[in-house]
Amino acid sequence: MQPKNLQRVFAALAREGLHVERDGRIYRVRLKDVEGAPAGEVLLPDEFPVEAKALRQLAGLAALRHPAGGGVTTVRASPDFHPGDAGVAIGSIVETEGIVVPAAVGTDINCGMRLHVVDLTAEELLAKRDVLVERLKGDYFFSSRDLPMTAEAMQGLFREGLIGWLSAVRRRPLGQLARADLDQLEREIDRVHLGGALDGDPRWAPEDLVPAEGVVRDGGLATIGGGNHFVEIQVVEEVVDRARARQWDVRAGQVAIMIHSGSRGVGKHVGALWRDRARGMWPKGQKFPPEGLFSLSLADQPEAVAGYMQAEATAANYGFLNRLLLAELLRQRLRELFGEVAAPLVYDLPHNITLPVEGPARRWITRKGACPAGAEQPVIIPGSMGAASYLLVGRGSPQLLGSASHGAGRATSRFEMGRRGRETEDLGLAGVDCITLREERRIEEAPAAYKPIGPVIACQVEAGLCDVVARMRPLMTFKA
DNA sequence: ATGTGC
C-alpha cells in the first residue's frame with residue numbers, strides 16, 4: 001500500500017537533487033551530487049506519511065564530512081522519524097568515524113525515559129488522586145519541594161554522575177534527601193543505563209551550579225521541562241512476556257511511573273557552547289556543512305573531540321539525576337499517602353546522546369530521539385498522554401544500529417495544534433487527566449498531535465528490533 | 001528542546 005503523498009514527495013526531492021527509493025517499509029535517501037556519502041535509511045510503518053523536510057535533513061546528515069578527515073559512515077532513522085527544528089530529524093541514528101557532531105545531539109542532551117512500578121492498584125491510587133495531585137503540583141511546579149545540593153554533590157554529579165553525587169549526599173544529606181532511602185538509590189544504579197555515570201567535568205557546567213563551597217538552592221533539578229516532557233502515572237494494562245516481566249518486577253494491574261525528561265538548562269548550555277565552538281573551529285575557506293552541522297575532527301582537533309565528549313557527558317550526568325529526583329519526589333509523596341509502598345526502578349535510559357562504539361576510540365553513535373535497544377536490554381517507548389506506553393526488550397538488531405524509536409513521533413506541529421485548538425477540533429483529550437499550569441501545553445501535546453503508537457510498536461517488533469514485555473495505560477500526566 | 005527570544 002502506497003502512502004498517499006509518496007509520489008509528490010519523491011518528485012519534489014528529486015528536483016532539489018535528492019534521490020529517494022522505497023523498498024517495503026525501508027526508505028533510502030541520498031544527495032545525488034555527494035560522492036561516496038552513505039544513504040540515510042528510514043524504517044516506517046505502512047501508510048505513514050513521509051515528510052520531505054525530514055528526508056532532506058537525513059540526507060544532509062549522511063553527507064557530512066570534515067575537510068581534515070573523518071565523516072558520517074551510517075545513518076538510520078526510527079519509525080517516529082519527523083523533522084527537527086535544529087537541522088537534524090528526530091529519530092536519527094548516526095555513526096561517525098573520526099568526527100563528532102555537537103549539533104547532531106543538539107541541546108536536549110540526555111533526554112530520556114525512566115520507569116518505576118508501584119505496589120498499588122490503580123483503584124487504590126485513584127482513591128487519593130486529588131490529594132496526590134495537589135502535592136505533586138507543589139513539587140513539580142515548585143514551592144513545596146526542598147532539594148538543596150552541596151557544592152560537593154554538584155561537583156561529584158558533573159564529574160562522575162550518580163555515583164559521585166550519591167557519595168557526596170551520603171556525607172551530607174540535605175532537605176528532602178534526608179528522607180530518601182539512599183541504599184535503595186545505590187542499588188538501583190544497576191538499572192540505569194551506563195550506571196548513570198559518564199566521565200564529565202564541572203568546568204563544562206553553568207558556573208552558578210558549581211560554587212566552590214556552600215549549597216546550591218535551586219539548581220533546576222527535579223524539573224520536568226517543556227515540550228513533550230512529562231511525568232505520568234500509569235497502570236500496567238497487560239503483561240506480554242511474563243518471564244521477563246517477573247525478572248524486572250513488573251506485574252499486570254500495578255501502578256507505574258513513567259518519566260520523560262532531560263538535562264534542562266545544563267544541556268542547553270553545553271550544546272550551544274559546542275555548537276558555536278565547532279563553527280568557530282571549522283577550517284578557514286572550506287564550504288560550510290548543510291544546516292550548520294559543524295563537526296570536530298580527530299585528525300586536526302583531537303583535544304576538541306575529547307572536550308566535547310566530556311562536556312556532553314557532564315550534561316548527561318545531570319539528566320540522569322534530574323529523572324532520578326523527579327521519581328524520588330513522587331516516591332516520597334506515595335509514602336506519605338500510602339505508607340511504605342515499594343516503587344522500584346525498572347530502568348532509566350537516554351534517547352538523546354553520543355556514545356563511543358566498542359573498539360578503538362574513533363567511532364561514535366549519536367542517537368537523536370532514538371532509544372538504545374541492545375540485546376536483552378529494557379526499552380521504554382511512550383505513547384501520547386491519551387495512548388498506551390510500552391516496556392520492551394531490545395534485540396540488538398544492526399538494522400537501526402541497536403536502536404528503537406523513542407516514542408510515536410509528532411504528527412502535527414505545535415503551531416498547527418494551536419490553530420486546531422482554537423477551531424475546537426477534537427484533539428483526543430476526552431478522558432485524559434492532564435495536570436499543567438499552561439492551557440496551551442495541553443493543546444500542543446494533545447493525543448491528536450502524535451502518530452498512533454500501535455503501528456510504530458508493531459513495525460519495530462516485526463522488524464526484529466525489540467519485543468513487547470508490557471503495555472501501560474495513562475492515569476494522569478503532569479506537564480510543565 | 002531551552003529559566004525559550006529578533
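Residue contacts for R441(A): at a heavy-atom cut-off of 4.0 Å it reaches no nucleic acid atom on any strand shown. Counting non-hydrogen atoms under 4.0 angstrom, G271(A) reaches nothing in the nucleic acid. Residue contacts shown for G265(A) are limited to sugar-phosphate atoms, with no base heavy atom under 4.0 Å away. Residue N352(A) is out of contact with every strand shown, counting any heavy-atom pair closer than 4.0 Å.
The nearest pair of heavy atoms linking A222(A) to L325(A) is CB-CB, 3.7 Å.
Nearest nucleotide to the R438(A) side chain, out of dG3(B), dT4(B), dA1(B): dT4(B).
There is a side-chain donor-acceptor pair under 3.5 Å between E445(A) and Y450(A). Under 3.5 Å, the side chains of R76(A) and S403(A) contain no donor-acceptor pair of N or O atoms. For the residue pair D80(A) / H406(A), a side-chain donor-acceptor distance below 3.5 Å is found, with atom types taken as modelled.
Counting atom types as modelled, R275(A) pairs no side-chain N or O with a base atom of dT2(B) as donor and acceptor under 3.5 Å. In the interface, the side chain of D218(A) is paired with the base of dG3(B) through a donor and an acceptor atom under 3.5 Å apart.
Taking atom NE2 of H406(A) as the reference point, atom C1' of dA1(B) lies 10 Å away to the nearest angstrom. The distance between atom CH2 of W274(A) and atom P of dA1(B), rounded to the nearest whole Å, is 25 Å. Distance, H260(A) NE2 to dA1(B) P: 7 Å, rounded to whole Å. In this structure, NZ of K268(A) is placed 5 Å from C1' of dT2(B), rounded to the nearest angstrom. Rounded to whole angstrom, the span from the CD atom of E444(A) across to the P atom of dA1(B) amounts to 10 Å. Here dA1(B) presents its C1' atom at 15 Å from CZ of F230(A), a figure rounded to the nearest Å. Rounded to an integer number of Å, the gap from CG of N322(A) to P of dA1(B) is 14 Å.
For R264(A) and dA1(B), the shortest distance from a side-chain N or O to OP1 or OP2 is not below 4.0 Å. Phosphate contact (OP1/OP2 of dT2(B), side-chain N/O of H229(A), threshold under 4.0 Å): present.
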